[in-house]
Amino acid sequence: IMLHSTLALSLLLIAVTSNLAMAIKKGKQAPQTLSRGWGDEITWVQTYEEGLYQAKKSNKPLMVIHHLEDCQYCQALKKAFAENEEIQEMAQNNFIMLNLMHETTDKNLSPDGQYVPRIMFVDPSLTVRADITGRYSNRLYTYEPQDIPFLIENMKKALRLIQTEL
């Protein structure tokens with residue numbers, strides 16, 4: 001009987017401990033660092049290379065957001081981007097997502113300069129879509145908070161291009 005109760009107690013202790021560990025883990029879960037505020041529900045890739053690999057593998061377009069922490073335009077766009085349910089859902093389900101605070105060596109990602117915020121799309125054939133532009137002729141790939149509907153259209157365009165071209 002003694003052995004039996006010791007075993008039961010040990011199992012109980014293990015169950016409690018692992019539940020506690022999971023609760024601690026859950027409660028502690030800070031916003032994931034890779035999102036940098038652009039959307040914590042979105043799965044973000046860490047590097048451009050990883051993004052290209054995932055885009056090719058999954059046949060989803062890669063969306064690259066260039067931004068800087070101390071840029072007020074980036075902050076404003078980030079807030080609008082994170083608060084928009086349609087964008088968040090599309091980003092999570094239909095795109096490989098990357099946000100970068102540094103430039104890549106791929107010059108195709110800065111066809112008209114290295115300004116921020118800048119959003120570019122790369123299709124699964126790994127072609128940077130310079131044809132998916134925003135509303136401003138002086139900075140083709142920038143968006144402002146009021147341009148969110150336009151960005152949504154461009155995301156849909158990036159998805160349509162895959163279906164028609166690949």
* Structure fact -> Closest non-hydrogen atoms of Leu98 and Leu62, given as atom of the first, atom of the second and distance, are CB-CD1, 4.1 Å
* **Distance under 6.0 Å and angle within 45° of ring axis: Arg118 vs Tyr115** => yes
* Output the distance between atom CG (Asp40) and atom CD (Gln92), rounded to the nearest 0.5 Å. => 11.0 Å
* **Side-chain (Thr47) to main-chain (Glu50) donor-acceptor, under 3.5 angstrom** => yes
* Asked: So do the side chains of Lys157 and Phe121 get within less than 4.5 Å of each other, counting heavy atoms only?
  -> no
* **Joint hydrophobic cluster, Val128 plus Leu161, side-chain heavy atoms closer than 4.5 Å** => no
* Arg129 backbone acceptor or donor facing Thr127 side chain under 3.5 Å -> no
* To do: Measure the shortest side-chain to side-chain distance between Ile96 and Ser58 over non-hydrogen atoms and say whether it is less than 4.5 angstrom.
  => yes
* To do: Kindly determine whether Asp123 and Ser125 satisfy side chain to side chain donor-acceptor pair (under 3.5 Å), including the steps that lead there.
  => CA-CA 5 Å; Asp123 69 32; Ser125 73; 2.5 Å; yes
* Nearest 0.5 Å, what's the CE-OG1 distance between Met120 and Thr104? -> 10.0 Å
* Are Leu77 and Ile148 close enough that some pair of their side-chain heavy atoms sits under 4.5 Å apart? -> yes
* Roughly how far apart are Leu52 CG and Asp106 CG, rounded to 0.5 Å? -> 7.0 Å
* Please lay out, stage by stage, how Tyr141 and Asp112 fare under the test side chain to side chain donor-acceptor pair (under 3.5 Å). => CA-CA 8 Å; Tyr141 307 99; Asp112 64 342; 5.7 Å; no
* Going only through I, L, V, M, F, W and Y residues with side-chain contacts under 4.5 Å, is there a path from Ile65 to Phe95? -> yes
* Asked: Is it the case that one hydrophobic cluster holds both Met97 and Val122, taking links as side-chain heavy atoms less than 4.5 Å apart, direct or via other members?
  -> no
* **Atom pair CE/CG of Met63 and Asn99 - distance to nearest 0.5 Å** => 10.5 Å
* **Heavy-atom closest contact (Gly37 atom, Ala82 atom, distance)** => O-CB, 3.5 Å
* Nearest-0.5 Å distance that lies between atom CD in Glu153 and atom CG in Asp147 -> 12.5 Å
* Hey, quick one: are Tyr48 and Leu126 part of the same hydrophobic cluster, counting side-chain heavy atoms closer than 4.5 Å, chains of contacts allowed? -> yes
* To do: Please check if Val64 and Val45 belong to a single hydrophobic cluster, counting links between Ile, Leu, Val, Met, Phe, Trp and Tyr side chain heavy atoms closer than 4.5 Å.
  => yes
* Side chains of Met101 and Arg36: closer than 4.5 Å at any heavy-atom pair? -> yes
* **Thr133 to Phe150 - nearest heavy-atom pair and separation** => O-CE2, 3.5 Å
* Structure fact -> Between the CD atom in Glu41 and the CG atom in Asn93, the distance rounded to the nearest 0.5 Å is 11.0 Å
* Structure fact -> All heavy atoms of Pro117 vs all of Cys71, minimum pair found to be CD-SG, 4.3 Å
* Asked: Shortest non-hydrogen contact from Ala91 to Ile42?
  -> CB-CD1, 3.5 Å
* Asked: Less than 4.5 Å apart, any side-chain heavy atom of Glu144 and any of Tyr136?
  -> yes
* Carefully, step by step, assess Lys60 and Asn94 under the rule side chain to side chain contact (heavy atoms under 4.5 Å, CB included). => CA-CA 6 Å; Lys60 291 178 178 178; Asn94 307 106; 5.7 Å; no
* What salt bridge (Lys or Arg N to Asp or Glu O under 4.0 Å) pairs are there with at least one residue in residues 64-83, not counting sequence neighbours? -> Glu69-Lys78, Lys79-Glu83
* **Parallel, tilted or perpendicular: ring planes of Trp38 versus Phe81, cut at 30 and 60 degrees** => perpendicular
* To do: Could you tell me which residues satisfy salt bridge (Lys or Arg N to Asp or Glu O under 4.0 Å) with Lys156, sequence neighbours excluded, listed by chain and number?
  => Glu86
* Please list, chain by chain and in numerical order, all residues satisfying side-chain hydrogen bond (donor to acceptor under 3.5 Å, both in side chains) with Glu89, sequence neighbours excluded. => none
* To do: May I ask you to test the His66-Cys74 pair for a side-chain heavy-atom distance under 4.5 Å?
  => no
* Minimum heavy-atom distance Tyr143-Ile132, with the two atoms named -> OH-O, 4.5 Å
* To do: Go through the steps to decide whether Ile152 and Asn84 satisfy the test side chain to side chain contact (heavy atoms under 4.5 Å, CB included), and finish with yes or no.
  => CA-CA 10 Å; Ile152 290 172; Asn84 186 287; 3.7 Å; yes
